[in-house]
Amino acid sequence: MPTDPPIDGETQTLPGVELLWSGRVRDHAEDATAHRGVLDAEETARRDGFHRDADRDAYTVAHVALRRLLGKRLGLAPEAVTLVREPCTHCGGPHGRPVVPGGAVHFSLSHTSGLVMIALAAAPVGIDVERVPGDPATVADIASQLHPRERAELAAVPAAGLASAFARCWTRKEALLKANGVGLNEDLSVTYVGAGAEPAVSADWVLADLPADPGCAAAVAVRLTPP
């Protein structure tokens with residue numbers, strides 16, 4: 001029996017989300033490296049700055065896949081897709097999140113532990129995938145900074161399931177903050193996403209957990225109403 005879930009490929013199963021793509025770095029690294037020429041100068045410089053092969057491969061797979069998906073969505077060659085940086089929400093500098101000019105399509109990507117996930121949508125979207133943390137001290141430290149209701153929900157979880165519940169809550173929160181455009185510049189106690197079996201329900205957002213490799217958690221958020 002295979003040990004990996006059927007994670008690779010494109011799906012669309014959520015309201016507001018045009019496309020979800022997931023892939024394992026090991027399955028795509030050779031092809032992505034061969035086609036790294038589609039990356040722009042900023043992406044290439046960042047790729048070349050990684051010292052570890054695993055980090056370089058993950059970045060290459062994520063960004064080559066993103067350009068291919070955006071190109072298909074926009075009717076352009078991957079290398080012809082223009083990406084610009086929004087102003088930073090913290091300081092206003094020109095190093096905020098990358099976007100397609102004019103908002104023709106919104107996107108988000110995340111990668112961890114050899115797994116890449118990408119979301120495309122017609123409205124602001126965020127996706128996050130994380131390894132379930134193995135250090136109880138890390139979980140306790142960050143959990144103490146979450147929304148009061150999330151802290152209470154995590155406090156009710158048996159010790160054996162705490163790390164997984166925390167990772168579930170964290171990926172929901174980061175996905176929503178990415179979609180909001182603020183990222184981790186927002187205090188972790190402000191926005192409630194829920195740490196229980198189901199994410200918080202909102203009239204403005206779809207927030208959903210996603211399948212991920214064992215030992216990982218993932219979530220996606222997409223706006224349903226205009227900001």
Side-chain angles (χ1 to χ4, degrees), residues 6-89 93-129 174-175 178-181 183 206 210-213 218-223 227:
I7 209 80
D8 196 80
E10 300 179 19
T11 60
Q12 193 286 314
T13 58
L14 296 170
V17 178
E18 293 185 4
L19 181 144
L20 293 170
W21 184 92
S22 57
R24 298 187 180 89
V25 173
R26 66 172 186 250
D27 296 331
H28 296 274
E30 183 176 356
D31 176 72
T33 299
H35 292 89
R36 64 189 183 278
V38 305
L39 303 178
D40 66 18
E42 179 183 339
E43 292 166 326
T44 298
R46 187 166 182 189
R47 175 193 179 275
D48 292 345
F50 288 106
H51 297 292
R52 295 178 65 245
D53 289 345
D55 295 334
R56 186 182 308 110
D57 286 347
Y59 183 90
T60 306
V61 168
H63 288 264
V64 169
L66 174 65
R67 283 190 163 272
R68 285 171 165 167
L69 294 171
L70 289 174
K72 182 178 179 181
R73 169 65 170 75
L74 298 169
L76 299 170
E79 63 271 21
V81 173
T82 298
L83 300 177
V84 297
R85 291 271 179 184
E86 289 188 331
C88 172
T89 58
H95 48 259
R97 64 178 177 180
V99 296
V100 173
V105 62
H106 296 261
F107 67 87
S108 182
L109 68 80
S110 182
H111 56 83
T112 190
S113 301
L115 180 62
V116 175
M117 290 190 168
I118 297 171
L120 302 187
V125 64
I127 197 167
D128 190 51
V129 57
E174 188 157 351
K178 282 183 175 181
N180 261 332
V206 168
L210 297 174
D213 280 349
V220 65
V222 62
R223 181 177 283 280

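Computed from a predicted structure; not experimentally measured.
- Here the closest heavy-atom approach between residue Ala119 and residue Leu20 is recorded as CB-CD2, 3.7 Å.
- Remark: His106 NE2 to Arg73 CZ distance equals 9.5 Å, nearest 0.5 Å.
- At least one side-chain heavy atom of Val64 sits less than 4.5 Å from a side-chain heavy atom of Val38.
- Here Glu18 contributes atom CD and Leu69 contributes atom CG; the two are 11.5 Å apart, rounded to the nearest 0.5 Å.
- Within 6.0 Å of atom CD in Glu79, more than 12 heavy atoms from other residues, nucleotides or ligands are found, so the atom counts as buried in its surroundings.
- For the pair Arg68 (side chain) and Ala65 (backbone), a donor-acceptor distance under 3.5 Å is absent.
- Around CZ of Arg85, the count of heavy atoms belonging to other residues, nucleotides or ligands within 6.0 Å exceeds 12.
- Residues Ile118 and Ile127 have side chains not in contact (no heavy-atom distance under 4.5 Å, counting atoms from C-beta outward).
- In terms of heavy atoms, His111 sits closest to Ala62 at CD2-CB, 3.9 Å.
- Under the 4.5 Å side-chain criterion, counting only non-hydrogen atoms from C-beta, Lys178 is in contact with Ser110.
- You'll find the side chain of Trp21 stays beyond 4.5 Å of the side chain of Leu120, heavy atoms only.
- Looking at Arg24 and Asp213, their side chains come closer than 4.5 Å, going by heavy atoms from C-beta outward.
- Using a 4.5 Å heavy-atom cutoff, the side chains of Glu43 and Arg67 are in contact.
- When Leu109, Asp40, Thr44, Leu83 are each tested for a side chain to side chain contact (heavy atoms under 4.5 Å, CB included) with His63, only one passes: Leu109.
- Between Leu74 and Val100, the shortest heavy-atom distance links the atoms CD1-CG1, 4.3 Å.
- Atom CG of residue Asp57 and atom CZ of residue Arg52 lie 10.0 Å apart, to the nearest 0.5 angstrom.
- Using a 4.5 Å cut-off on side-chain heavy atoms (C-beta onward), Arg47 and Thr33 make contact.
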* Between Val125 and Val220, is a side chain to side chain contact (heavy atoms under 4.5 Å, CB included) present by the stated rule, with each step listed? -> CA-CA 7 Å; Val125 64; Val220 65; 4.0 Å; yes
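- Side chain of Arg97 to main chain of Ser108: no donor-acceptor pair is present (N/O by atom type, distance under 3.5 Å, no hydrogens or angles).
- For the pair Arg223 (side chain) and Pro124 (backbone), a donor-acceptor distance under 3.5 Å is absent.
- Of all non-hydrogen atoms in Ala123 and Val222, the two that sit nearest each other are O-CG2, 4.2 Å.
- Between Leu14 and Leu210, the shortest heavy-atom contact is CD1-CD2, 4.3 Å.
- Rounding to the nearest 0.5 angstrom, the gap separating the CZ atom in Phe107 from the CG atom in Leu19 is 13.5 Å.
- Considering only heavy atoms from C-beta on, Val81 stays 4.5 Å or farther from Leu66 through its side chain.
- Across all their heavy atoms, Arg56 and Asp53 have their closest contact at NH1-OD1, 2.8 Å.
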